[in-house]
Colleague: 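Below is the structure I would like to discuss, written out as structure tokens.
We're numbering straight along the sequence, starting at 1. These numbers come from the heavy atoms of this one structure, side chains and all, not from hydrogens, waters or symmetry mates.
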Amino acid sequence: MTKQNFISLYLADADVAGNKYRINPVIILAQAAIESGWGESVLAKEHNNLFGITGYGKKNEYWHGGKVELKEGGLCFRKYRSTRESIFDFARLIRTAYPTAANVSHKPASYASEIAYSRYISEVNGDNRAAYRKMLCSISTSLQRLIDLYRTKQFDQKFNNPATGKPTVRNLFNTPQIP
């Protein structure tokens, strides 16, 4: 999946979840990109789990208890009915279990340091905290630029005159055309 497709598919849900749980949606998407290989992992494609969230803990409004074991004797992961549920469950988890990280999510470097050196990352599972922090910073920066371009393009498509491709005052302010 291209980065543009990833943004197109998941940004709206990340925006809503980010607003509800006061977490930067760029951070939500950056972690989804890392954990799911830009939406290409088996866990993401077949089980709607964009974050590699394990299948432990109590059911909640977004996760209804479904679990999957990708390899025999391996970790259990959460199964979701939709990627939207995965995004909201992740935002809920970060806000409730990692509030310090959530509170600095609008500063991606600070968030990356908080989350990389928390129990969210498990070196036992082969995670490298320093590498994760660096990757999260890099992807957040890249995503922010792409999201800015994506939103500009959406704005242009909504408000530009289709014949000229240039903005019109009528389109910008949604005022009726004077005959």
Colleague: Check whether Y111 and Y117 end up in the same hydrophobic cluster, where Ile, Leu, Val, Met, Phe, Trp and Tyr are linked by side-chain heavy atoms less than 4.5 Å apart.
Modeller: no

Colleague: If you round to the nearest 0.5 Å, how far is OG of S36 from CG of N48?
Modeller: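 Rounded to the nearest 0.5 Å, the CG-OG separation comes to 11.0 Å.
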
Colleague: Do N103 side-chain atoms and P99 backbone N/O form a donor-acceptor pair below 3.5 Å?
Modeller: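 Looks like yes, one N/O pair under 3.5 Å.
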
Colleague: Using 30° and 60° as the class boundaries, would you call the ring planes of F90 and F51 parallel, tilted or perpendicular?
Modeller: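 Ring orientation, 0 to 90° scale: parallel.
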
Colleague: For the residue pair N128 / R133, report whether a side-chain donor-acceptor contact shorter than 3.5 Å exists.
Modeller: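 No pair is found: no donor N or O on one side chain lies under 3.5 Å from an acceptor on the other.
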
Colleague: Under 4.5 Å between any side-chain heavy atoms of P108 and C137, yes or no?
Modeller: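 Contact flag for P108/C137 side chains = no.
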
Colleague: If you compare all heavy atoms of F88 against all heavy atoms of D13, which two are closest, and at what distance to 0.1 Å?
Modeller: CE1-O, 3.9 Å

Colleague: Of the non-hydrogen atoms in K58 and R78, which two are nearest, and what is the gap between them?
Modeller: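 Between these two residues, the closest heavy atoms are O-NH2, 4.4 Å.
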
Colleague: Would you give the length of the straight line joining atom CD1 of I23 to atom NE2 of H106, rounded to the nearest 0.5 angstrom?
Modeller: 8.5 Å

Colleague: With a 4.5 Å limit on heavy-atom distance, are the side chains of S82 and E85 in contact?
Modeller: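 Touching, per the 4.5 Å side-chain cut-off.
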
Colleague: Can you name the closest pair of heavy atoms from E69 and C76 and give their distance?
Modeller: OE1-SG, 4.1 Å

Colleague: Heavy-atom distance under 4.5 Å between the side chains of R92 and N60, does that happen here?
Modeller: yes

Colleague: Say whether E114 and Y120, considering side chains only, have a donor N or O and an acceptor N or O under 3.5 Å apart.
Modeller: no

Colleague: Could you tell me the separation between the NE2 atom of H47 and the CG atom of L70, rounded to the nearest 0.5 Å?
Modeller: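 With rounding to 0.5 Å, NE2 (H47) is 5.5 Å from CG (L70).
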
Colleague: Among the clusters formed by ILVMFWY side chains lying less than 4.5 Å apart, do F77 and V42 turn up in the same one?
Modeller: yes

Colleague: Any non-hydrogen side-chain atom of W63 less than 4.5 Å from a side-chain atom of S86?
Modeller: no

Colleague: Salt bridge check, D148 against R145: does any charged N sit closer than 4.0 Å to a carboxylate O?
Modeller: no

Colleague: Can any side-chain N or O of S142 pair as donor or acceptor with the backbone N or O of I139 at less than 3.5 Å?
Modeller: no

Colleague: Is there side-chain contact between I28 and Y21, with heavy atoms separated by less than 4.5 Å?
Modeller: no

Colleague: Would you compute the distance between atom CD1 of I34 and atom CG of L136 and round it to the nearest 0.5 angstrom?
Modeller: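 Rounded to the nearest 0.5 Å, the CD1-CG separation comes out at 4.5 Å.
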
Colleague: Looking at R129 and A116, would you say the former's side chain and the latter's main chain have a donor-acceptor pair under 3.5 Å?
Modeller: yes

Colleague: Any side-chain heavy-atom pair from L43 and V68 closer than 4.5 angstrom?
Modeller: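 In short, these two side chains touch, coming nearer than 4.5 Å.
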
Colleague: Between S140 and L143, does a side chain to side chain contact (heavy atoms under 4.5 Å, CB included) hold up when you go through it step by step?
Modeller: CA-CA 5 Å; S140 295; L143 274 171; 5.8 Å; no

Colleague: Would I87 end up clustered with L9 when hydrophobic side chains under 4.5 Å apart are linked, directly or stepwise?
Modeller: yes

Colleague: Take R81 and Y62 through the test side chain to side chain contact (heavy atoms under 4.5 Å, CB included) and record every step on the way to the result.
Modeller: CA-CA 9 Å; R81 293 180 297 202; Y62 309 114; over 6 Å; no

Colleague: Which of these, Y10, W38, Y80, sits in a side-chain contact (heavy atoms from CB on, under 4.5 Å) with L50?
Modeller: Y10

Colleague: Apply side chain to side chain contact (heavy atoms under 4.5 Å, CB included) to the pair L29 and I147, showing each step before the final yes or no.
Modeller: CA-CA 10 Å; L29 290 182; I147 289 168; 3.9 Å; yes

Colleague: Are the charged groups of D15 and R151 less than 4.0 angstrom apart, N to O?
Modeller: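 Answer for the salt bridge query: yes.
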
Colleague: Rounded to the nearest 0.5 Å, what separates atom CD1 in I7 from atom CG in L146?
Modeller: 4.5 Å

Colleague: Start with the C-alpha distance between I115 and I94, add both sets of side-chain angles, then the distance that settles side chain to side chain contact (heavy atoms under 4.5 Å, CB included), and finish with yes or no.
Modeller: CA-CA 9 Å; I115 208 70; I94 296 300; 3.8 Å; yes

Colleague: Between the side chain of K67 and the main-chain N/O of G55, is any donor-acceptor distance below 3.5 Å?
Modeller: yes

Colleague: Quick one: NZ on K59 to NE2 on H64, what's the gap to the nearest 0.5 Å?
Modeller: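 Here the interatomic distance stands at 9.5 Å.
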
Colleague: Search all heavy atoms of F6 against all heavy atoms of G39 and return the closest pair with its distance.
Modeller: CE1-N, 3.7 Å

